[in-house]
Amino acid sequence: MGFGLPLRGPVEPEVSTAPTLTYRATNGDEVQVDEQAPTAARERAIARGLLLHALSLIDAADRPH
């Protein structure tokens with residue numbers, strides 16, 4: 001008996017299957033850096049460093065051995 005209340009559990013979070021680049025800030029906030037930049041200068045600097053490192057790994061993978 002639901003007493004007029006829905007008998008559903010918590011709603012599952014919506015999950016995207018599209019590719020995205022997500023940066024998790026030091027405070028736990030997540031920013032999709034392919035859509036916007038982190039707001040704090042320190043977080044932008046960290047995100048920039050991580051993105052540059054990722055690009056160098058991708059570039060190295062494309063070079064012939």
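Positions are given from 1 along the sequence. These numbers come from a predicted model, not from an experiment. Reckoned from all heavy atoms, side chains included, excluding hydrogens, waters and symmetry mates.
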Residue set satisfying side chain to side chain contact (heavy atoms under 4.5 Å, CB included) with T17, at least two apart, ordered chain then number -> none
Would you mind listing every salt bridge (Lys or Arg N to Asp or Glu O under 4.0 Å) that reaches into residues 16-32, with sequence neighbours excluded? R24-E30
Test: side-chain hydrogen bond (donor to acceptor under 3.5 Å, both in side chains). Region: residues 38-47. Which pairs qualify, not counting sequence neighbours? Y23-E43, T26-E43
Pairing residues for E35 by the salt bridge (Lys or Arg N to Asp or Glu O under 4.0 Å) criterion, not counting sequence neighbours: none
Name all residues meeting the side chain to side chain contact (heavy atoms under 4.5 Å, CB included) criterion together with Q36; count only those two or more places apart in sequence or in a different chain, and write none if there are none. V31
Determine all donor-acceptor pairs shorter than 3.5 Å in which one atom belongs to a side chain in residues 45-62; sequence neighbours excluded.
unit_1 : atom_1 : unit_2 : atom_2 : d
S56    : OG     : H53    : O      : 2.7

